[in-house]
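In what follows, residues are counted from 1 in the order of the sequence shown.
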Amino acid sequence: MATAPPRMAVCLAVYNGRPWLAEQVESILAQKGVEVTVFVSVDASSDNSEGLVNQLAASDTRLKVLAHGSRFGGAAPNFFRILADVDFSAFDYVAFADQDDVWKPDKLRHAHEKLQASGADAYS
């Protein structure tokens, strides 16, 4: 019997990230060997990041957008907002993504394997 792939929640905090968002989100959703759901919080942006995030979410249900309109003033408060507002109980792991990163397709699978092999609680 095959083992179900690990369920990964990815927290993506955005602020004026429109130039990178499409490629970033695509690379997260293309992860191999894991089930991915991306939770996005957009700090009120002047580049219409909100509009692009909404457009991307309309084409893939694994992208969950938190309500827009808040001003967080930095990445840390924006990430804390995601942690406070999302129920992660259905997930095996929580990961954090910078808005301008492009992930290799096995990033999360590799992290899962390292955590399993080491028995560690976290991986960076």
S.K.: Where is the tightest heavy-atom contact between Gly33 and Pro5, given as atom of each residue plus distance?
M.R.: O-CB, 3.5 Å

S.K.: Looking at Asp60 and Arg62, is any side-chain nitrogen of the basic one under 4.0 Å from a carboxylate oxygen of the acidic one?
M.R.: yes

S.K.: Would Leu52 and Gln55 count as a side-chain contact (heavy atoms from CB on, under 4.5 Å) if you check the C-alpha gap in whole Å, the side-chain angles of each, and the deciding distance to 0.1 Å?
M.R.: CA-CA 5 Å; Leu52 179 55; Gln55 178 185 346; 3.9 Å; yes

S.K.: Flag the pair Arg7 and Asp92 as a salt bridge only when some basic side-chain nitrogen lies within less than 4.0 angstrom of an acidic carboxylate oxygen.
M.R.: yes

S.K.: Which residue pairs pass the ring-ring contact (aromatic ring centres under 6.0 Å, His included) test when at least one of the two sits in residues 36-55, sequence neighbours left out?
M.R.: Phe39-Phe88, Phe39-Phe91

S.K.: Is Leu115 reachable from Val94 through a run of hydrophobic residues whose side-chain heavy atoms are each under 4.5 Å from the next?
M.R.: no

S.K.: Going through the distances and angles, do Thr37 and Val10 end up as a side-chain contact (heavy atoms from CB on, under 4.5 Å)?
M.R.: CA-CA 6 Å; Thr37 303; Val10 177; over 6 Å; no

S.K.: Should Leu63 and Trp20 be counted in the same cluster of Ile, Leu, Val, Met, Phe, Trp and Tyr side chains packed under 4.5 Å apart?
M.R.: no

S.K.: Run the side-chain contact (heavy atoms from CB on, under 4.5 Å) test on Ser45 and Glu50 for me, step by step, so that the C-alpha distance in whole Å, both residues' side-chain angles and the decisive distance to 0.1 Å come before the verdict.
M.R.: CA-CA 7 Å; Ser45 296; Glu50 296 89 343; 3.9 Å; yes

S.K.: Would you name the heavy atoms of Arg109 and Lys32 that are closest together and state the gap between them?
M.R.: CB-O, 3.4 Å

S.K.: Hey, does the side chain of Asp100 reach the backbone of Gly17 with a donor-acceptor pair shorter than 3.5 angstrom?
M.R.: no

S.K.: Show your reasoning for whether side-chain contact (heavy atoms from CB on, under 4.5 Å) applies to Val40 and Leu56.
M.R.: CA-CA 11 Å; Val40 183; Leu56 295 170; over 6 Å; no

S.K.: List in chain and number order the residues that pass side-chain hydrogen bond (donor to acceptor under 3.5 Å, both in side chains) with Ser89, two or more places apart in sequence or in another chain; answer none if no residue qualifies.
M.R.: Asp87

S.K.: If you define the side chain from C-beta out and look only at heavy atoms, does anything of Asn16 sit under 4.5 Å from Ser46?
M.R.: yes

S.K.: Test of understanding: clusters of I, L, V, M, F, W, Y form through side-chain heavy atoms closer than 4.5 Å, transitively. Do Leu21 and Ile28 belong to the same one?
M.R.: yes

S.K.: With the 4.5 Å side-chain cut-off for hydrophobic clustering, are Val65 and Leu12 part of the same group?
M.R.: yes

S.K.: Can you list every ring-ring contact (aromatic ring centres under 6.0 Å, His included) pair that touches residues 42-80, not counting sequence neighbours?
M.R.: Phe79-Phe96

S.K.: For Arg81 and Ala67, work out which heavy atoms get closest and say how close.
M.R.: NH2-O, 2.8 Å

S.K.: Does Glu113, at its CD atom, have more than 12 non-hydrogen atoms belonging to other residues, nucleotides or ligands within less than 6.0 Å?
M.R.: yes

S.K.: Is the shortest side-chain heavy-atom distance between Tyr15 and Ser49 below 4.5 Å?
M.R.: no

S.K.: Which pair of non-hydrogen atoms, one from Ile82 and one from Ala13, has the smallest distance, and what is that distance?
M.R.: CD1-N, 4.2 Å

S.K.: Ser70 versus Asn78: any side-chain heavy-atom pair under 4.5 Å?
M.R.: no

S.K.: If Ile, Leu, Val, Met, Phe, Trp and Tyr residues are connected whenever their side-chain heavy atoms lie under 4.5 Å apart, and connections chain through other members, are Tyr93 and Trp103 in the same group?
M.R.: yes

S.K.: Is there side-chain contact between Val38 and Lys64, with at least one heavy-atom pair below 4.5 Å?
M.R.: no

S.K.: Considering non-hydrogen atoms only, spot the tightest contact between Gly74 and Asp43 and give its length.
M.R.: N-OD2, 3.6 Å

S.K.: Side-chain contact, heavy-atom cut-off 4.5 Å: Gln31 with Lys107?
M.R.: yes

S.K.: How far does CG of Leu29 sit from OG of Ser59, to the nearest 0.5 angstrom?
M.R.: 8.5 Å

